[in-house]
Amino acid sequence: QVQLVESGGDSVQAGGSLTLSCAASGLPRSRKQMGWFRQAPGKEREGVAATYTGSELTSYADSVKGRFTISRDNTKNTVYLQMNSLKPEDTAMYSCAAAADGAFQNPFNPARYSYWGQGTQVTVSS
C-alpha cells in the first residue's frame, strides 16, 4: 500500500523559510516522478515543483522559481521542498504526489500522479 506523509508546514512571516518533507512508503524502487502541489482556498490546485528520482531532473513553476528547491533522499524515500523568501501568496495546503510509473513528463498536471498525501498547511503572514 502506497503512503505519502507530508510534514513541516507552519505559520511564518513573509521572507521566512520552511522545509516540507514527504515520506513515501510502498512505492516501487524504480525511478519515479514526484511532485509538490499547493491549493489555496478558492483556487485551483497548482503544481510548484517536481523531480524524477534517480536523476537530476527537476521542474519549477515560475511563481516559485529561484525561491523553492525540491530535493530527495533516496535512502529515506523522502522528498523535500525547501521554501525561501516566502510570500503571503504562498499560503496554501501543500501536498506531495507520486506517479505510478513512466518517464518525467507533465510535471504540473495532477492527472499525471496516482498517489497523493494528505497535505500540510503553510501560512505566510505579511
Side-chain angles (χ1 to χ4, degrees):
Q1 182 179 357
V2 176
Q3 193 172 19
L4 304 177
V5 180
E6 302 96 334
S7 61
D10 205 345
S11 295
V12 297
Q13 290 194 328
S17 298
L18 283 174
T19 299
L20 306 183
S21 300
C22 173
S25 59
L27 287 170
R29 292 185 177 276
S30 58
R31 290 186 177 187
K32 51 189 172 292
Q33 180 171 324
M34 297 193 70
W36 283 98
F37 288 77
R38 66 186 182 186
Q39 188 166 22
K43 295 188 177 181
E44 291 190 358
R45 181 180 288 172
E46 174 192 19
V48 295
T51 186
Y52 196 61
T53 63
S55 77
E56 298 300 317
L57 292 172
T58 58
S59 188
Y60 295 95
D62 288 342
S63 58
V64 305
K65 203 169 291 184
R67 300 189 298 122
F68 290 12
T69 303
I70 189 169
S71 62
R72 60 197 176 271
D73 183 336
N74 294 330
T75 63
K76 296 181 179 180
N77 288 326
T78 300
V79 176
Y80 304 95
L81 185 67
Q82 172 69 43
M83 306 186 294
N84 298 325
S85 302
L86 283 162
K87 305 174 181 180
E89 51 263 43
D90 294 318
T91 295
M93 180 69 77
Y94 284 72
S95 301
C96 71
D101 52 26
F104 190 66
Q105 57 184 339
N106 301 320
F108 302 137
N109 183 354
R112 175 73 180 92
Y113 299 87
S114 301
Y115 309 106
W116 292 84
Q118 295 288 341
T120 186
Q121 179 68 36
V122 172
T123 302
V124 184
S125 58
S126 57

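Hydrophobic clustering of Ile, Leu, Val, Met, Phe, Trp and Tyr side chains at less than 4.5 Å, counting indirect connections, unites Val79 with Leu27. Residues Leu20 and Phe37 do not share a hydrophobic cluster, clusters being chains of Ile/Leu/Val/Met/Phe/Trp/Tyr side chains in contact below 4.5 Å.
Using a 4.5 Å heavy-atom cutoff, the side chains of Gln33 and Pro107 are in contact. Inter-residue side-chain proximity for Leu4 and Met34 is flagged as met; some heavy-atom pair is nearer than 4.5 Å. Side-chain contact between Met83 and Val48: absent, with no pair of heavy atoms (C-beta onward) separated by less than 4.5 Å.
Across all non-hydrogen atoms, the minimal contact from Gly47 to Ala61 is O-CB, 3.4 Å. A pairwise comparison of heavy atoms in Ala99 and Arg112 identifies CB-NH1, 3.4 Å as the closest pair. Here the shortest heavy-atom pairing between Ser59 and Phe104 reads CB-CZ, 4.0 Å. For the residue pair Ala103 and Tyr52, the shortest heavy atom distance occurs at CA-OH, 3.7 Å. The two residues Gly26 and Val2 make their nearest non-hydrogen contact at O-CG2, 3.5 Å. Nearest heavy-atom pair across Trp116 and Ser95 is CE3-CB, 4.2 Å.
Residues forming a side chain to side chain contact (heavy atoms under 4.5 Å, CB included) with Val12 (at least two apart in sequence, or on another chain): Leu18, Leu86, Val124. Under the side-chain hydrogen bond (donor to acceptor under 3.5 Å, both in side chains) criterion, Ser125 pairs with no residue at all, not counting sequence neighbours. Listed by chain and number, the residues in a side chain to side chain contact (heavy atoms under 4.5 Å, CB included) with Asn74 are Thr53, Arg72 (sequence neighbours excluded).
With hydrogens and angles disregarded, a donor-acceptor distance shorter than 3.5 Å links the side chain of Glu6 to the backbone of Gly119. Here the side chain of Tyr113 pairs no donor or acceptor atom with the backbone of Cys96 at under 3.5 angstrom. With Thr51 contributing its side chain and Glu56 its backbone, the two residues share no donor-acceptor pair below 3.5 Å.
Ring orientation note: the planes of Phe68 and Tyr94 are tilted relative to one another, at an angle of 30° to 60°.
Residue Gln118 qualifies as open at atom CD: its count of foreign heavy atoms under 6.0 Å is 12 or below.
Using modelled atom types and a 3.5 Å distance limit, the side chains of Ser63 and Glu89 yield no donor-acceptor pair.
For the atom pair NZ (Lys43) and CE (Met93), the distance works out to 15.5 Å, reported to the nearest 0.5 Å. Remark: Gln13 CD to Thr123 OG1 distance equals 12.5 Å, nearest 0.5 Å. Between Trp36 atom CH2 and Thr120 atom OG1 the span is 7.5 Å, to the nearest 0.5 Å. Once rounded to the nearest 0.5 Å, the distance linking CD of Gln3 with OH of Tyr115 reads 13.0 Å.
The existence of a salt bridge linking Lys65 and Asp62 is confirmed by a sub-4.0 Å separation between a basic side-chain nitrogen and an acidic carboxylate oxygen.
Each of Asp90, Val122, Leu81 was scored for a side chain to side chain contact (heavy atoms under 4.5 Å, CB included) with Arg38, with one residue passing: Asp90.
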